[in-house]
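Throughout, protein chains are lettered first and strands after them, A, B, ... in sequence-line order, and every chain is numbered starting at 1.
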There are 2 protein chains.
Amino acid sequence: MKDISKEDYLRAIYHLQKDQNMAIRSVEISKYLGISKASVNEMIRKLAKEELIEYKLYSSINLTKKGIEEAEKIVYKHKILESFLSKILGIGKNKVHEEADKLEHGVSKEAAKKLDKLLKNPKTCPHGGKIPNSDKKACLLGDICVNNEATVLFTKIKNKQTLERINSLGIVPEAKIKILNKIKKGPLELQLGNSKIAIGGDICSQIYVKEK
Amino acid sequence: MKDISKEDYLRAIYHLQKDQNMAIRSVEISKYLGISKASVNEMIRKLAKEELIEYKLYSSINLTKKGIEEAEKIVYKHKILESFLSKILGIGKNKVHEEADKLEHGVSKEAAKKLDKLLKNPKTCPHGGKIPNSDKKACLLGDICVNNEATVLFTKIKNKQTLERINSLGIVPEAKIKILNKIKKGPLELQLGNSKIAIGGDICSQIYVKEK
DNA sequence: TATATAAGTTAGGTTAGCCTAACATTTATG
DNA sequence: CATAAATGTTAGGCTAACCTAACTTATATA
Ligand SMILES: [Mn+2]
Ligand SMILES: [Mn+2]
Ligand SMILES: [Mn+2]
Ligand SMILES: [Mn+2]
């Protein structure tokens, strides 16, 4: 079976980037997957060559739009399988991740959709993680039009200070936002819950969202 | 994921040996799996080293008892998965083999048993093949005691003429037999349907059965 | 801001599982 | 029973995905 490793890397990167809400470091993939830094480095280059991730020498890593698409396909299968194993087969929640990690590479899109339906379209996996809807594609916050609404996926910010600021504004995964106003090459005004905030255009191109 | 190839080889060998009711040739594995003769030769040696098959240079191949056990584990998973994909998910019968071929390596024994129960313990897969019961272990016909009953699994006969004779007596996979009499180092007398037949002791050690 | 520590890279290797081409042995058949 | 065809083996090679050890670059902190 092909691409098993690539799929595991993509799912790992997606998970880490969402978890940290920023671009990730290769050592984290190494720790998450239990694979040496050298091997991770090798795979990182392959994924970059396929334009699934953005990566420069000695720098941090983040998924491209194409990478998010691919990652969500496998995350979707993984979480649907976990739900199936847990809710329908009654297998312990502590065991389902490991088994889904194997099955995710073999299950077809068709079968995953049928499982989804059988489960009555769950929103989350047994561990509480959101099951992605890969029908809606990710884009950058800056691409959303005025008056439209979107959900934050995660950012690709590199700097920790910048991230702190963004997080403290409430720009975190799953946050719902509405674009209020856009000034050419200037800041973006948006509604987030009850508060209105403004974000620089440069940062807007570092935030992945999904349009509602 | 480890042992994927080995499991595919074991399932292929089990299928072929049962299908032909005799020891098989490596070229058949090659054709069945779409793998070169050279590669099959390589794997054959590994399986023989692990005592999963019996094999001598330039000779035919058959599963050992241990090999049957291992093969049945994967055949069981394969057919249960096919049944699940077909009957519960409603995936076309023409597609389920391919998908089960991938999933069989990742599904746990526990999950397979739960699927089995969910399906209400089917006896056959969507293509009509018997789902093996790996609780009962295979042994040689000669090992069965007088008055006991058994089901033929398959033979490990090498010679085509010998096989013809055995097949024509009704010693074919799934045949039910009862041992009527055993003469030390002599022939075995057995009941097969309405007829009583006698089989030489040498042949008895070439027929795998499962005791009832 | 110098230096220690962490992170990332490179070089060199291993293993499983595949391949083709050439050669050896067995089996089938005229 | 000789020879052609089929089957099996060997030699040599390849790729993906891993590894360790040594080295380079970036980051943290005193
Ligand atoms: Mn999981
Ligand atoms: Mn996996
Ligand atoms: Mn099948
Ligand atoms: Mn398989």
Side-chain angles (χ1 to χ4, degrees), chain A residues 1-13 16-17 20 22-50 52-62 74 101-102 104-106 157-164, chain B residues 1-13 16-17 20 22-50 52-62 74 101-102 104-106 157-164:
Chain A
M1 276 194 291
K2 239 193 286 185
D3 291 328
I4 290 180
S5 276
K6 266 179 198 165
E7 289 178 336
D8 282 338
Y9 275 89
L10 286 174
R11 189 164 57 72
I13 296 168
L16 292 166
Q17 192 165 359
Q20 307 187 182
M22 72 185 298
I24 63 164
R25 315 226 59 181
S26 97
V27 71
E28 318 207 68
I29 301 172
S30 176
K31 284 171 188 158
Y32 185 81
L33 293 177
I35 288 170
S36 74
K37 290 185 295 169
S39 296
V40 170
N41 187 264
E42 196 174 291
M43 182 63 85
I44 283 308
R45 287 158 193 270
K46 285 184 197 166
L47 296 175
K49 193 167 288 173
E50 295 178 42
L52 295 164
I53 59 172
E54 288 166 3
Y55 147 87
K56 280 186 313 220
L57 258 192
Y58 288 106
S59 170
S60 55
I61 293 156
N62 58 258
I74 194 73
D101 183 25
K102 294 177 186 167
E104 64 193 0
H105 312 288
I157 291 168
K158 283 169 191 156
N159 182 279
K160 282 196 177 172
Q161 273 79 54
T162 312
L163 179 69
E164 292 270 302
Chain B
M1 277 194 291
K2 239 194 282 188
D3 290 330
I4 290 180
S5 275
K6 266 179 198 165
E7 289 178 337
D8 282 339
Y9 275 89
L10 285 174
R11 189 165 57 72
I13 296 167
L16 292 166
Q17 193 166 359
Q20 307 186 183
M22 72 186 297
I24 63 164
R25 316 226 59 181
S26 97
V27 71
E28 319 207 69
I29 301 172
S30 176
K31 284 171 190 159
Y32 184 81
L33 293 177
I35 289 171
S36 75
K37 290 184 296 170
S39 297
V40 170
N41 187 263
E42 196 174 291
M43 182 62 87
I44 282 309
R45 286 157 193 268
K46 285 184 197 165
L47 296 175
K49 193 167 286 173
E50 294 177 44
L52 295 164
I53 59 172
E54 288 167 2
Y55 147 86
K56 280 186 311 220
L57 259 192
Y58 289 104
S59 169
S60 55
I61 292 156
N62 57 257
I74 194 72
D101 183 26
K102 294 176 186 168
E104 64 192 359
H105 312 288
I157 290 168
K158 283 167 192 158
N159 183 280
K160 281 196 178 171
Q161 272 80 55
T162 311
L163 179 70
E164 292 271 301

Using whole Å, report how far [atom1] of [X] lies from [atom2] of [N].
| X | N | atom1 | atom2 | result |
| --- | --- | --- | --- | --- |
| B:Lys56 | D:dT7 | NZ | C1' | 17 Å |
| A:Glu50 | D:dA16 | CD | P | 10 Å |
| A:Asp8 | D:dA16 | CG | P | 17 Å |
| A:Lys158 | C:dA7 | NZ | C1' | 16 Å |
| B:Tyr55 | D:dG8 | OH | P | 10 Å |
| A:His105 | D:dA17 | NE2 | C1' | 14 Å |

> Hey, is the side chain of B:Arg45 poking within less than 4.0 Å of OP1 or OP2 on D:dG8, counting only N and O atoms?
Replying inline: no

> Under the 3.5 angstrom rule, does the side chain of B:Ser60 hit a backbone N or O of B:Ile24 as a donor-acceptor pair?
Replying inline: no

> For B:Glu164, does the CD atom have more than 12 heavy-atom neighbours from other residues, nucleotides or ligands under 6.0 Å away?
Replying inline: no

>> For a quick check, with a 4.0 angstrom heavy-atom cut-off, what is the B/S/- contact string for nucleotides 25-30 of chain C, read 5' to 3'?
In response: SSS---

Distances for protein N/O vs nucleotides 13-19 of chain C N/O pairs under 3.5 angstrom?
{"unit_1": "C:dG17", "atom_1": "N7", "unit_2": "B:Glu42", "atom_2": "OE2", "d": "3.4"}
{"unit_1": "C:dC18", "atom_1": "OP1", "unit_2": "B:Ser5", "atom_2": "OG", "d": "3.3"}
{"unit_1": "C:dC18", "atom_1": "OP2", "unit_2": "B:Ser5", "atom_2": "OG", "d": "3.3"}
{"unit_1": "C:dC18", "atom_1": "N4", "unit_2": "B:Glu42", "atom_2": "OE1", "d": "2.9"}
{"unit_1": "C:dC19", "atom_1": "OP2", "unit_2": "B:Ser36", "atom_2": "N", "d": "2.8"}
{"unit_1": "C:dC19", "atom_1": "OP2", "unit_2": "B:Ser36", "atom_2": "OG", "d": "2.9"}
{"unit_1": "C:dC19", "atom_1": "OP2", "unit_2": "B:Ser39", "atom_2": "OG", "d": "3.1"}

> Of all the nucleotides listed (D:dT7, C:dA7, C:dT10), which has the minimum atom distance to the side chain of B:Lys31?
Replying inline: D:dT7

